[in-house]
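Encoded as structure tokens, the structure appears first; notes follow it.
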Amino acid sequence: MTDSLKNLASIDKDAFSHDLISWFTEEQRELPWRKDQDPYKVWVSEIMLQQTRVDTVIPYFNRFIEQFPTIQDLAQAEEEKVLKAWEGLGYYSRVRNLQSAVREVHEKYGGTVPATKEAISTLKGVGPYTVGAILSIAYGIPEPAVDGNVMRVISRILSIWDDIAKASTRKIFEEAIRTLISEENPSYFNQALMELGALICTPTSPSCLLCPVREHCHGFHEGVENELPIKTKAKKQRLVHLAAVIIRDDEGNTVIHKRPSEGLLANMWEFPNVEISLPFYRDKGYIESLLLEQFGIKVKMAQAISRIEHVFSHLKWDIQVFEGKLQGPIEEVEDLRLVSPIEIDEFPFPVSHQKIIQHYKKVEGDVTHDE
DNA sequence: CAGTCGTGGGA
DNA sequence: TTCCCAAGACT
């Protein structure tokens with residue numbers, strides 16, 4: 001770590017902060033979470049922005065704050081409504097952790113987001129980055145907020161060649177930021193580094209000629225700005241074959257299933273589906289037996305109607321979508337429902353299964369469809 | 001540490 | 001098409 005920061009001492013901290021913050025003051029984007037410094041709104045925005053683009057977050061943030069304007073509103077909301085508001089954003093444990101933490105703040109701190117690193121760090125879903133972001137942006141406390149932008153920008157400015165994909169590397173950048181951060185305006189300092197990473201110091205072809213801190217940048221002066229940062233690439237997704245079934249009853253309702261409370265897409269709803277190994281790929285009898293085994297649902301399978309490929313960070317789903325006819329009643333359990341095309345809209349579904357909803361609705365009410 | 005956990009957009 | 005990515009946290 002000592003060697004990684006060999007260029008840190010040569011940075012003119014005051015001039016760097018001034019150039020960076022002046023640029024941000026002039027050039028920052030108008031974003032809905034920048035209208036005020038409400039710690040709750042800062043918190044929500046930071047959770048939404050994790051691994052997610054600004055343009056994607058904006059409409060979600062506006063709807064979310066409209067629906068849950070305060071900590072109390074979110075604390076008292078049904079989880080189902082909260083998940084529905086997050087539907088399509090991905091990483092759904094983010095919002096379940098957020099609501100859990102908001103409930104803790106509501107009960108334990110009277111609805112005031114704690115302003116110390118020690119207290120805020122214990123909240124679910126609030127890691128090292130989010131701690132620094134909330135403390136600096138909402139409370140003006142000089143704490144590093146090291147995200148991917150900051151690591152990219154600082155790796156170029158200080159010519160740091162450590163692998164930013166490794167978890168341990170973040171500490172090197174936190175150390176650098178602790179030295180460089182503006183005590184007068186840590187909020188703008190942290191936001192400016194991220195804004196610079198988003199607008200100027202981009203992953204590919206950075207716009208160095210437009211950069212307000214080019215004169216401070218070792219990477220630029222060494223001509224290595226396009227070599228940095230060092231980031232080992234992720235490995236390929238594992239392929240999983242699924243068979244999902246639109247199971248209709250005589251009234252045109254369909255069966256939906258709530259996923260377990262832990263793991264992939266926790267507590268989201270889906271069409272009943274089973275993992276199939278290649279040899280049984282289209283064997284309807286085999287799929288019928290798995291549906292009975294795993295969901296207690298008796299189905300008469302009909303034809304396959306489409307194939308959906310859906311890519312996650314670490315796996316890829318290849319879903320064969322079938323139609324089927326419900327034989328008899330479904331078991332009366334919390335994780336199974338029989339819903340109409342209208343009622344289904346109230347339930348949160350992952351994007352892969354929203355595509356299946358489209359197929360379900362195409363033949364809405366047409367009970368003579370399956371042959 | 002390395003794997004888990006989503007999605008949509010751009011090169 | 002394929003790949004990488006975008007304001008990470010948790011186990």
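The chains referred to below are lettered A, B, ... by the order of the sequence lines, with proteins before strands, and numbering in each begins at 1. Values below: every heavy atom of this structure, side chains too, minus hydrogens, waters and symmetry copies. Since this is a predicted model, take the numbers as computed values, not measurements.
Listed candidates were B/dG6, C/dA9, C/dA6. Nearest to the side chain of A/Leu265 is B/dG6. The side chain of A/Leu264 has B/dC5 as its nearest neighbour among C/dG8, B/dG8, B/dC5. Among C/dC10, B/dT7, B/dC5, the nucleotide with an atom closest to any side-chain atom of A/Tyr91 is B/dC5. Listed nucleotides: C/dA6, B/dT7, B/dC5. Nearest to the side chain of A/Gln51: C/dA6. Listed nucleotides: C/dG8, C/dA6, B/dC5. Nearest to the side chain of A/Pro203: C/dA6. Of the listed nucleotides (B/dC1, C/dA6, C/dC5), C/dC5 has the atom at the smallest distance from the side chain of A/Lys231. In this structure, of B/dG6, B/dC1, B/dG3, it is B/dG3 that holds the atom nearest to the side chain of A/Lys235.
A donor-acceptor contact shorter than 3.5 Å is absent between the side chain of A/Arg29 and the backbone of A/Val54.
The residue A/Gly197 sits apart from the nucleic acid: no heavy atom pair falls under 4.0 Å. Here A/Arg29 lies in heavy-atom contact (under 4.0 Å) with a base. Contacts of A/Ala167 with the nucleic acid, taken as non-hydrogen atoms under 4.0 Å apart, involve only primed sugar atoms and P, OP1 or OP2. When heavy atoms are screened at a 4.0 angstrom cut-off, A/Val126 is found touching the sugar-phosphate backbone but no base atom. Residue contacts shown for A/Lys236 are absent, as no nucleic acid heavy atom lies under 4.0 Å away. Within the 4.0 angstrom heavy-atom criterion, base atoms lie near A/Val311. A/Arg152 comes within 4.0 angstrom of the backbone, heavy atoms only, and of no base.
Rounded to an integer number of Å, the gap from NE2 of A/His310 to P of B/dC5 is 13 Å. Distance CZ (A/Arg94) to P (B/dC5): 15 Å, rounded to an integer number of Å.
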Go through A/Asp250 and A/Lys325 one step at a time and tell me if the side chain to side chain contact (heavy atoms under 4.5 Å, CB included) criterion holds. CA-CA 8 Å; A/Asp250 291 334; A/Lys325 193 151 171 38; 2.4 Å; yes
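Taking the six-membered ring for Trp, A/Trp33 and A/Phe61 have ring centres closer than 6.0 Å. Between A/Phe271 and A/His257, the distance separating the two ring centers is not shorter than 6.0 angstrom.
A donor-acceptor contact under 3.5 Å is formed by the side chain of A/Thr52 with the base of B/dG6.
Here the CD-CH2 distance, from A/Glu80 to A/Trp269, works out to 6.0 Å after rounding to the nearest 0.5 Å.
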Give me, pair by pair, the N or O atoms of the protein and of nucleotides 9-11 of chain B that are less than 3.5 Å apart, along with how far apart they are.
none

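Nearest-nucleotide positions on DNA chain C place A/Lys316 closer to the 5' end than the other of A/Ala198 and A/Lys316.
C/dC4 and B/dG3 have their P atoms separated by 16 Å, with the value rounded to a whole Å. A gap of 24 Å separates the P atoms of B/dC5 and C/dT2, to the nearest Å. A distance of about 22 Å separates the P atoms of C/dA9 and B/dG8, rounded to the whole Å.
Between A/His314 and B/dG3 there is no side-chain polar atom (N or O) within less than 4.0 angstrom of OP1 or OP2.
Residue pairs meeting the side-chain hydrogen bond (donor to acceptor under 3.5 Å, both in side chains) criterion with at least one member in residues 216-228 of chain A, sequence neighbours excluded, are A/Ser10-A/His218, A/Asp19-A/His216, A/Ser159-A/Glu222.
Applying the salt bridge (charged side-chain N to carboxylate O under 4.0 Å, His left out) test to A/Arg96 and every residue at least two apart in sequence or in another chain returns A/Glu79.
If you check the side chains of A/Gln191 and A/Arg34, you find a donor sitting under 3.5 Å from an acceptor.
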